[in-house]
Amino acid sequence: MSEGITKEAVSEAVSAPAAGAVPETGKEKEEKKVRKKQHPDRMSGILVHPTSFPSPYGIGDLGKGAFDFIDFLYETAQSLWQVLPLGPTGYGDSPYQGPSAFAGQTLIISPDELKKIGLLTDEDLKDIPKWNNRRVDYGAVIQYKEKLFRIAFGRFHHTPDAGLLDDFDAFCDTQQYWLDDYCLFMALKKENGGKCWLDWDKKFRSPTPAVKKECRKRLADEIEYYAFLQFMFERQWVNVREYAHEYGIKIIGDAPIFMSLDSCDVWANKKYFQLDSTGHPLNVAGVPPDYFSATGQLWGNPLYDWDAQKEDGYKWWILRVKRQLELVDYLRIDHFRGFDAYWSVPAGEETAINGQWVDGPQQDLFLALQKALGRDLPIFAEDLGVITPEVEQLRDMFGFPGMKVLQFGFGDMNDTTYIPHFYTTPNCICYTGTHDNDTTMGWYEKQPEIVKDRIRCMGNTGGDRISWDFIRFAFASIAKYAIFPMQDLMYLGNEDRMNTPGVAAANWCFRYTKDMLSEEDAKWLRKTTELYDRD
């Protein structure tokens, strides 16, 4: 069992093959043709999280809905699929406040795929609740899927499939460097009624090796259950990713820069964070007052102790990025400017006003990542907001593409940064909007008439499908990557936005049904993709 991150863990994890790979099941596969791109420097794709896929189980998953979506990408000549963070969700059901930087989101494990390998039966799935197929009810979904997963785990112990058991053992061995602590953390969290680890008994807040050993023995079954769930997530995700690759589609992942305080990563690696002797944060993350907020934004995440991270050769970050690149092809990192300098607010402040800028690791971190991984880093930099020349220099030093959001350009008549015909480099990603924006149709309805007139003029339309105009603007730009949220293809309104920043409830719930992807949409998207040489 691991006791924190060691040099050996870094070496083994960096040199190990992609985790969770599974052998062919013997099922005959349809022959697929990877489309040879005519213009490899012009790519396009769709932003949609697996939780949004059609599924009878209350939340999108890695079953048929995922494979159907990849088919749709192929049929419409797309080459990119962007997701939100693939980890488990935390406070407010947010994938940006999860309990682990390494674990997968088990809620998207497909019951149908579990049935295919004999871990669930038709009888288990006969009484499916009547879900809202356009919204995720996380509380009810968690209860329902937990029941199914416990049944599947019970059958797993008695499966006649020796290969499945061998794969599980191999997965646990390969991923031990994070899996051991994560499963122990989750088992202890369950034993403590879901409380934050800071509210556990003192001996469990900072357990010694002896205490960990005792806990692993006492909670062995529960620990194995959490390992089983991670194995099943990995197995299903790898199958989905391999299917995407067969069609020539690459996946863009997402990683929040900061970790939730109530996470395994902070609990198990306290020296890498700015904490006091009891584990409470000394300083927390946020952004200063600006045009949008007179008091700034107080995020509350514990800040990294970058000196301690550097002293250990940035091992935690190396392992984190390596793990994510086992799951995705590109990695978008949220709040990239925090690597140059971050806004540090003393813990206990009620607003972000009384903070200060503190230097981050800057180029040292990315040089260490390049050296450890032995490759150029396929990282996308979330560089939105007020960005300094130093942040731009850091981004450009490593060739990371930055982000351009059309809504920001057209909403501010004086800001040319985000308007396509003012782009100065193709090394960027042009978005119609992101998961934090309103849908383009919802955004458009709130704009003053002068802005609407400008957009209608550029799009040469009557404004009934402005989101399609924005997709065309993005595709026509010089940006190497053009990406739009699924909602914009369906020209959906405000009620279908994914997230409203600053609002704690009712986010991350968007779902669509299969019939919402019409033949008309598919034909238009493919034609537009080919017209602007992104096929």
Side-chain angles (χ1 to χ4, degrees), residues 51 57-59 61 84-109 129 131 135-154 178-207 211-212 214-233 256 258-270 273 275 278-281 284-285 299-302 347 499 503-509:
T51 55
Y57 302 107
I59 190 171
D61 60 38
L84 303 182
L86 287 168
T89 50
Y91 175 74
D93 305 311
S94 172
Y96 293 90
Q97 291 287 346
S100 173
F102 297 85
Q105 169 58 289
T106 58
L107 288 179
I108 62 174
I109 293 173
W131 305 101
R135 305 283 294 174
V136 180
D137 181 347
Y138 280 93
V141 165
I142 289 169
Q143 289 185 6
Y144 174 70
K145 283 209 160 181
E146 172 78 2
K147 183 172 70 172
L148 293 180
F149 293 158
R150 293 285 177 178
I151 293 171
F153 179 56
W178 65 268
L179 188 67
D180 280 2
D181 278 334
Y182 170 75
C183 294
L184 175 59
F185 175 81
M186 295 302 291
L188 283 168
K189 193 171 182 64
K190 185 174 187 297
E191 185 178 56
N192 283 273
K195 293 179 183 176
C196 175
W197 63 267
L198 284 167
D199 296 324
W200 299 351
D201 287 347
K202 184 177 180 180
K203 71 174 183 177
F204 301 131
R205 293 199 297 270
S206 296
V211 170
K212 282 189 174 183
E214 181 275 325
C215 289
R216 288 193 171 104
K217 182 177 180 180
R218 176 169 53 83
L219 300 171
D221 287 344
E222 199 67 16
I223 287 170
E224 186 180 16
Y225 170 69
Y226 288 108
F228 162 77
L229 290 182
Q230 288 304 309
F231 170 60
M232 285 302 156
F233 164 83
F258 297 120
M259 295 306 305
S260 167
L261 174 61
D262 190 19
S263 67
C264 171
D265 303 277
V266 178
W267 172 76
N269 302 284
K270 297 180 184 66
F273 298 85
L275 309 175
T278 68
H280 290 80
V284 297
W299 296 337
N301 304 75
N499 180 50
V503 176
N507 290 317
W508 319 109
C509 299

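For reference, positions follow the sequence shown, starting with 1. Keep in mind that the numbers below use all heavy atoms, side chains included, and drop hydrogens, waters and symmetry copies.
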Separation between CZ of Phe231 and CD of Glu224, rounded to the nearest 0.5 Å: 11.5 Å
Gln105 and Pro95, any side-chain heavy atoms less than 4.5 Å apart: no
Heavy-atom side-chain proximity of Asp93 to Asn507 below 4.5 angstrom: no
Minimum heavy-atom distance Ala227-Leu179, with the two atoms named: CB-CD2, 4.2 Å
Approximate separation, where rounding is to 0.5 Å, of Thr106 OG1 and Asp61 CG: 12.0 Å
Side-chain heavy atoms of Gln143 within contact of Lys147, under 4.5 Å: no
Test of ring centre spacing under 6.0 Å for Trp131 and Tyr144: yes
Nearest atoms (heavy-atom pairs only) where Arg205 meets Lys270: O-NZ, 2.8 Å
Distance-minimising heavy-atom pair for Pro88 and Ala103: CD-O, 3.5 Å
Check: Glu191 and Glu222 side chains under 4.5 Å, non-hydrogen atoms: no
Heavy-atom side-chain proximity of Phe102 to Asp265 below 4.5 angstrom: yes
Heavy-atom pair with the smallest gap, counting every atom of Cys215 and Leu188: SG-CD2, 4.1 Å
Over 12 non-hydrogen atoms of neighbours within 6.0 angstrom of OH in Tyr138: yes
Pro302 versus Phe273, closest heavy-atom pair with distance: O-CD2, 4.3 Å
Side-chain donor/acceptor of Asn301 to backbone N/O of Met259, under 3.5 Å: yes
Exam field: side chain Lys189 to backbone Lys195, donor-acceptor pair closer than 3.5 Å: yes
Distance, nearest 0.5 Å, that separates OG of Ser260 from CD of Gln97: 5.0 Å
SB check Asp181 Arg216 (cutoff 4.0 Å): yes
Minimum-distance pair of heavy atoms, taken over all atoms of Lys145 and Ile109: NZ-O, 2.9 Å
Minimum side-chain heavy-atom gap Gln230-Tyr226 below 4.5 Å: no
Worked verdict on Tyr57 versus Leu107 for side chain to side chain contact (heavy atoms under 4.5 Å, CB included): CA-CA 10 Å; Tyr57 302 107; Leu107 288 179; over 6 Å; no
Geometric class of the Trp267/Trp200 ring pair [parallel <30°, tilted 30-60°, perpendicular >60°]: perpendicular
Non-hydrogen side-chain atoms of Tyr96 and Asn499 separated by less than 4.5 Å: no
Distance in Å, Cys264 SG paired with Trp197 CH2, rounded so as to fall on 0.5 Å steps: 11.0 Å
Side chain proximity check, Leu198 to Leu261, heavy atoms < 4.5 angstrom: yes
Flag if over 12 foreign heavy atoms under 6.0 Å of CG, Asp221: no
